[in-house]
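Contents: one structure, followed by commentary.
Source: prediction; values computed, not measured. Protein chains get the first letters and strands the later ones, always in sequence-line order, with residue 1 at the start of each.
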Amino acid sequence: MSVEAHLAELLLQREIEAFLYREAELLDERRFEEWLALFTEDARYWMPIRRNAPSDAPERERTREGVDVNWFDEGKDTLSRRVAQVRTGVHWAEEPPSRTCHMVTNVQIVRTDGDEAAVKSRFLLYRNRVETETDVLVGKREDTLRRIAGQWRIARRMILLDQSVLLVKNLTFFI
Amino acid sequence: MSVEAHLAELLLQREIEAFLYREAELLDERRFEEWLALFTEDARYWMPIRRNAPSDAPERERTREGVDVNWFDEGKDTLSRRVAQVRTGVHWAEEPPSRTCHMVTNVQIVRTDGDEAAVKSRFLLYRNRVETETDVLVGKREDTLRRIAGQWRIARRMILLDQSVLLVKNLTFFI
Amino acid sequence: MSVEAHLAELLLQREIEAFLYREAELLDERRFEEWLALFTEDARYWMPIRRNAPSDAPERERTREGVDVNWFDEGKDTLSRRVAQVRTGVHWAEEPPSRTCHMVTNVQIVRTDGDEAAVKSRFLLYRNRVETETDVLVGKREDTLRRIAGQWRIARRMILLDQSVLLVKNLTFFI
Amino acid sequence: MAETPKLDELVDVDAGTISREIFVNEEIYRQEQERIFARAWLLVGFESQIPQPGDFVASSMGEESVILCRDRAGAVHVFLNSCRHRGMKVCRYDEGNTREFLCPYHGWSYATDGTLVGVPHQKDAYGAQLDRSRWGLVEAPRMCRYKGTVWASWDPAAPPFLDYLGGYALYLDLLLDAWDGREGGAEAIGGVHKWLVPCNWKFPAENFSGDRYHGVSHRSVDMVGIGPSGKGRRDMQERNEARSLDVTFPDLGHSMIAFLRPPDAPLAPAYQDSPAVGEYFRYCEEERRRRRGAHWRLFGGPGTVFPNASPLARQPRTIAVWHPRGPHQTEVWRWYLVDADAPVAVKDFLRHYYIRYSGPAGLTEQDDMENWGYAHAASRGTVARRHPYNYEMGLGRATRGFEDHGLALPGRIADIVPGTASENNQRGFYTRWRQLMGAASWAELA
Amino acid sequence: MAETPKLDELVDVDAGTISREIFVNEEIYRQEQERIFARAWLLVGFESQIPQPGDFVASSMGEESVILCRDRAGAVHVFLNSCRHRGMKVCRYDEGNTREFLCPYHGWSYATDGTLVGVPHQKDAYGAQLDRSRWGLVEAPRMCRYKGTVWASWDPAAPPFLDYLGGYALYLDLLLDAWDGREGGAEAIGGVHKWLVPCNWKFPAENFSGDRYHGVSHRSVDMVGIGPSGKGRRDMQERNEARSLDVTFPDLGHSMIAFLRPPDAPLAPAYQDSPAVGEYFRYCEEERRRRRGAHWRLFGGPGTVFPNASPLARQPRTIAVWHPRGPHQTEVWRWYLVDADAPVAVKDFLRHYYIRYSGPAGLTEQDDMENWGYAHAASRGTVARRHPYNYEMGLGRATRGFEDHGLALPGRIADIVPGTASENNQRGFYTRWRQLMGAASWAELA
Amino acid sequence: MAETPKLDELVDVDAGTISREIFVNEEIYRQEQERIFARAWLLVGFESQIPQPGDFVASSMGEESVILCRDRAGAVHVFLNSCRHRGMKVCRYDEGNTREFLCPYHGWSYATDGTLVGVPHQKDAYGAQLDRSRWGLVEAPRMCRYKGTVWASWDPAAPPFLDYLGGYALYLDLLLDAWDGREGGAEAIGGVHKWLVPCNWKFPAENFSGDRYHGVSHRSVDMVGIGPSGKGRRDMQERNEARSLDVTFPDLGHSMIAFLRPPDAPLAPAYQDSPAVGEYFRYCEEERRRRRGAHWRLFGGPGTVFPNASPLARQPRTIAVWHPRGPHQTEVWRWYLVDADAPVAVKDFLRHYYIRYSGPAGLTEQDDMENWGYAHAASRGTVARRHPYNYEMGLGRATRGFEDHGLALPGRIADIVPGTASENNQRGFYTRWRQLMGAASWAELA
Ligand code: FES
Ligand code: FES
Ligand code: FES
Ligand SMILES: [Fe+3]
Ligand SMILES: [Fe+3]
Ligand SMILES: [Fe+3]
């Protein structure tokens, strides 16, 4: 491959890692409006429920987007309402605000297609609030990123939380 | 250094990070046969037991490869049997399958020598299974990677788990 | 941008990631004197206490450097004494030594200015000692790195631990 | 802590005071497991979860794992999920279809009807010793299927389920009957929300029994708007036009928030975010008026079937079970319901609404969990436990024999000023709680 | 476990043996909450934390969260942080300024003086039922402000705070009075250290009461040097020249390590890392000698105000509270003090010294936490609990009516060989612990 | 829960039923600590772990940390790992060599024979007060070295270890004697597996006592093959040709699965993955036949020395201790044995086999842990606890005075059909458990 081609590959990886780190920064600094702006208007945000299924029946292992009850299965409109709720100042579950930390690792560009990139990453989300309340959520994300006017946007996010019974009392944060 | 030299360095780092992320993906997607194929035929897989030793007697701090009882101290043949066991469908400790997540960070290429690279990384392995059973293992890996026919392979892995008494009931997964 | 310019960007990111991974390696291998040498003579090491404040009173959310009581608010001299203490062999809180693992992620270069770089990163610090004692600390770091004689040095570090009540009994390690 | 006299000091529904002890005390919790959860009728699941012979789903009764299963002959069973030999959990899957449950420890196997069918080396190892008929899976001695739901009790002496429901059936049906007025016809959407909340199980149980009072909890949602017409939490006009009734059956423990619309009420605008959905409900309501006579006027809100099953009859239409997990933790299971015959577009519209409203990611219930958790935590201390909770709201203002334009409704009913509230239902809940905790057997309660 | 006779077997201060049971036994812990923490005077915070009307800070009394608040009229209150309706924690902030505390569950609101001022729909929902005057925030019936500190007790029958302090006030003042000899004048630096330690609360309480003996714990610090003159832990000369007194009040439970300098002692060199700071203390000491008469000679070290407030009078100048969090865990709160009038440079110098010495990141106290944690853990076992701790050090060698060059000091005092130690103070601490644990009421103790 | 009559209801070995309570009940667990673990002989470690004077290793007896130490004079001791002053854990290392144990809290120091040799400032601080001879480390009053293993008991009245072992010594020797028939000669490979399992300690203890029945647990390993000849779990021919004996000593509580080969049995092929290893064992067996007379025919499998030490005599050759860590958790310690004189190649071959078979990473035992953990969890519930476990297998089919071709074997022996199983050994284990739990002292048991 030519120097330019190699370089392009490296730059793309760098760009996307930077994008995901920036996203985490916006979330943990509670700059939610800027975070929302990272999503395309037609964005999908989906987090299935995981089930304990026999190893030979993987199709039962997670709930279906657009069909079953999921943890999240929504578009930008609902995401916007979540952000608006935090800003009311009377969203008690986030008053006082939680201290969150999104650790993003294992960033993989699995496919690029014109202005779209399919990206996998892993997350560890640490939440601590009030006195000693502490939660840790770990899992994978599969994003479809789209380059619009030179800026990357999230067109689709699938969140695969590695829990079946959710071990936290609520999901008042974004992953 | 020349542009080419710099680029080569960056590409090697990228290649190896991509390799380790890919490995984690295969493990967490339970594609164990593909994962096995990442190991050389003469591969070594070693995880010592850690001891509490005086700071001035570091030699007592871990068990010895090839001499003492370790958590793992084996080659590809035993690894293959582990994979075969998971596939029997009656390996109860993994039925239903565990939900695992390998987070890989701090990838350092500490030495390259022809087709071999000595690579250090850190891992956080999250395991959740059945209802609420949850384990977190954290530590370091020291790998010797070998490039064979243009593909990286794991020729040797040393896993330094940061626990003395193992805090999980079994090790039915790979690190 | 020119190839050279792109490459320079990539190399800087790589350099700084390598620097932070190296730092973590020195800490976890307890090579504290080498770690100290990574700090400039005028270095500042600050870790504020976090408070639960109303979302509309963010100024109350953390203690002030140089004014309030903080977890850490010191320079290289005090850091050096901490290292010297570990080396006495009678610093009981680290006898036997803790097993620590610093996982560093989300490395962001937020600003460069001549020989200085403002760098953000996230950490997960795992500590396990004696039999089953285990602590996990998660949060962010904001570093000012300075290039001196071609080597990066830490001129300033702010550690934002995502806890209010500290959930560990002591801070006998560095973050 | 557990003797009857003490309980009387702790729970004084007539005075409207209840001690915090019953929420945080370990001994009282232990007694609840014996006297309430090992005795009462509990919701296990939905028949629609196990349509075929051999289908099973894991469920929970109180603290314990159970298997809801349809045997090869089509009969429904509820089994304790534990092998009779050494107790191994015989089923560790959430759902599936099977011929038998094979214990992975020593290989005893149980048919889908619970009988012990396989015992390795039985002849050589046990000879005549083992009477297999006595060692099948422990089956809940009482099981009842009701309009698609499955209920069970561990106590052979428990009253029949319909007696246990009593007059409350009328209200539970507001959840389980189709909105067009036909009997039954509700189905659970695939996927069950399961999550942990750090509070005693009675916080959510009493809240759902009839807490109209916690509007401030949800003020943020009312400001943002997530309802089916884009505003507030739900469509309010039909509620606002109706009489607001807090219905409880103190001697059964069941309660519901209900609404009774005027005889001549026109159709209230609703589901305006989707013409198709609006149209569907308009059609259903016409059908409902036709089929149900005066009863079309009645619709429901949240409620609780004693002890821990909480229907929410509409907007959103769900049923939750509050499984105790120690005195200080509750595992919530939540099913979401739609009319089985509704068009796909309607089901999908409702599913989106349900999820954004309910559960751990629901804009509304996130704040409930925060309140239940910290209310519980702040009630554990030595000094806190000396100060009872206040249940005086609307004390003495409920009546039996409610009637409106010739429509009589069962239960002890508080007819409240719309927009306000009463603790009539919570007092009903704890009246029954007190009865069961004090009684050595169902016979004593008769 | 909790009957009086048993306690006598467990605690034998005359023989100098105390059973490990009192540190690890659940039942004894429960009784401590009733008989000690719900009864004794506890340190809540500093007035300087709430200078303005409406200012509040969250604090803790025993296991429970409380609010320390200055009402709109300027009066100081201590409230249980729990709503009277269903117990919700009404204040989840660490500090702030407010007009009222609004409960986020149902919206009851309480004025800063604790009165229940807001009850949604009171008229419609409660009518005459609810007597608001009976349902305000639970206020600590006893509260006392003392030289900038705020103390409270849950027991209306508790003796007045000054009686509770008794002769110990002289020693507590060594912390709270300005070093130049003026009354009061100490202020807490902003920021409170709060952290968890895996040990029973009595380990730190007894250690601070007067443990001169654990030098080996801190040997590493003595080798490294973190003191204000660059050596050891602190400036030693003034200590070395002084008489070393272990002071305890067995019938109060309070203790302190104190030092009495010779009448003719010259100023001892100190704070040599900073001429400015050294000069400040030289000046203060002159003032102190002038103002205090013979009492200038007295200065203090660590101590404990029974049960769990531990002043450290100087070098470093702090006060800690050891909040019980179950028998096996303690939450430490630690304030750091300076003379309010000291120059900024002095305050800053001291702040740096305090932090590197104290708390979880303090080079000195890190090792205390290690020792307390593993001493506790190693005392939980069945066999360990059969072997009491040893408190024989200096048994029978303390005297009352201590006097030196005409200066009489209160308390039972062990006059020890400088550099050595005694367990006089720990025995005093457990004497009082035994009294409170055995008494059904304050009256019994009178 | 803990009174004798109740225990009789819970444990009925004659009927073959045992209540789940004894596995999950907190009070029974507490009583086990007093009556079993503070009284019985427990395995502490191996002499080979402390070859030199001053060598020590940390170990555990029941819940408590102990130090196994060889003093400067070469004598072996077992000490409670807790300082007599305030309980600090005096040794926090897993192993090492030392002149003394220095307590890091106040500096008391103990010689390797446990005597209190160092007390800072003793003269000035304690004067005549402290009788050092009474405050040495708490030493286990009973300690016994047996063929390289070290055992101890906290009860001075415990019977001598050899009486405690009784006729079981013959079987324990199958682990500890060299395979060539010489006495002793086994050594522990360096490195001890230590890990936590979420189950009561009796699950593994009874499983090892003689559970031939759980083949289904290990079916996956039998399919994959990890044995020394590449197939199954181990070499089976010698087992298949032998008589299968389940041996128990109900009045001692010890058991083992044993095998008795025919007098004329030829050498069975084994260790075929390595000619060298196969040759070694062939040679050893010849020696063994020469040295042991008829006894060469006997070899062992898994067993349990009451209460919690479990030898596995061969394939793999290990011994485990099941340390209780609360009723719901067990910490396993596992040593792996080889003949000290075996060639390095043989030791290395066995080490690989042992590791892939045993422990948390062992293909075989991974599934045991899964079963023990979920069997325990599924037995905790209120309803589950009403249904006892079944121990009827082979009831009444064991005999005393077993003999075969003139070779008499001690113990109550069930002679079972090869490939099948019996619960003879588990019944023996619980018979003794019941005796100790019911007896106030060893005297009562005599
Ligand atoms: S536990 Fe199920 S067969 Fe033994
Ligand atoms: S709990 Fe505070 S208002 Fe109801
Ligand atoms: S605890 Fe060991 S010397 Fe004090
Ligand atoms: Fe609500
Ligand atoms: Fe100290
Ligand atoms: Fe097994």
Side-chain angles (χ1 to χ4, degrees), chain A residues 2-15 17-30 32 85-107 121-138, chain C residues 1-17 21 48-58 60-62 102-110 118-126 134-142 159-168 175:
Chain A
S2 72
V3 167
E4 284 67 17
H6 276 311
L7 196 53
E9 251 185 43
L10 292 171
L11 285 167
L12 180 65
Q13 178 77 23
R14 178 85 277 280
E15 241 178 70
E17 288 180 357
F19 177 80
L20 294 175
Y21 298 163
R22 169 67 174 169
E23 185 207 356
E25 181 184 19
L26 292 175
L27 283 173
D28 296 336
E29 293 179 357
R30 308 184 74 77
F32 297 116
Q85 182 181 29
V86 175
R87 296 309 190 203
T88 61
V90 293
H91 181 26
W92 312 115
E94 282 298 321
E95 199 60 37
S98 295
R99 288 168 284 274
T100 64
C101 192
H102 288 72
M103 300 189 77
V104 178
T105 69
N106 300 45
V107 177
S121 60
R122 306 287 170 98
F123 65 89
L124 179 146
L125 170 47
Y126 183 88
R127 170 170 73 167
N128 172 275
R129 64 191 317 273
V130 192
E131 288 162 329
T132 60
E133 194 178 359
T134 304
D135 299 307
V136 175
L137 295 177
V138 175
Chain C
M1 243 183 349
S2 71
V3 168
E4 285 66 18
H6 276 311
L7 197 54
E9 252 185 43
L10 292 171
L11 286 167
L12 180 65
Q13 177 77 21
R14 177 86 277 281
E15 241 178 70
I16 284 174
E17 288 180 357
Y21 298 163
I49 299 171
R50 309 287 299 277
R51 294 193 191 96
N52 292 295
S55 53
D56 59 8
R60 291 179 181 274
E61 198 274 338
R62 61 188 75 161
H102 289 71
M103 299 188 77
V104 178
T105 69
N106 300 45
V107 177
Q108 294 173 284
I109 302 175
V110 292
V119 176
K120 285 181 169 187
S121 60
R122 307 285 171 98
F123 65 88
L124 180 146
L125 170 47
Y126 182 88
T134 303
D135 299 307
V136 175
L137 295 177
V138 175
K140 300 101 183 178
R141 297 188 305 190
E142 296 184 18
I159 299 157
L160 209 56
L161 177 69
D162 286 318
Q163 292 182 357
S164 175
V165 173
L166 184 69
L167 304 179
V168 304
I175 297 174

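Only the backbone of A/T100 has a heavy atom closer than 4.5 Å to any heavy atom of chain C. There is no contact between A/R30 and chain C, counting heavy-atom distances below 4.5 Å. Looking at A/T132, the atoms closer than 4.5 Å to chain C (heavy atoms on both sides) sit in the backbone and in the side chain alike. Using a 4.5 Å cut-off between heavy atoms, C/L124 contacts chain A through both its backbone and its side chain. Only the side chain of A/E4 comes within less than 4.5 Å of a heavy atom of chain C; its backbone N, CA, C and O stay farther away.
Proximity to chain A among residues 7-14 of chain C is limited to C/L7, C/L10, C/Q13, judged by heavy-atom separations below 4.5 angstrom.
Summarising the geometry of C/A53 relative to A/P97, their closest heavy-atom pair is O-CD, 3.4 Å, with the distance given to 0.1 Å. Shown here for C/D162 and A/Y126, the closest heavy-atom pair between the two residues is O-CE2, 3.3 Å.
A 4.5 Å side-chain heavy-atom check between A/N128 and C/R50 finds every atom pair outside the cut-off. The shortest side-chain heavy-atom distance between A/V136 and C/V136 does not fall under the 4.5 Å cut-off.
A donor-acceptor distance shorter than 3.5 angstrom exists from the side chain of A/E95 to the backbone of C/S55, with no hydrogens or angles considered.
Distance NE2/A/H102 to NZ/C/K140: 9.5 Å, rounded to 0.5 Å.
When the options C/N52, C/L161, C/L160 are evaluated for a side-chain contact (heavy atoms from CB on, under 4.5 Å) with A/R99, the one that passes is C/N52.
The greatest number of non-hydrogen atom pairs below 4.5 Å with chain A, out of C/D56, C/T105, C/V110, is found for C/T105.
Look at C/K120 and A/E29 and you find a salt bridge, because one of the NZ, NE, NH1 or NH2 atoms lies within 4.0 Å of a carboxylate O, short of that distance.
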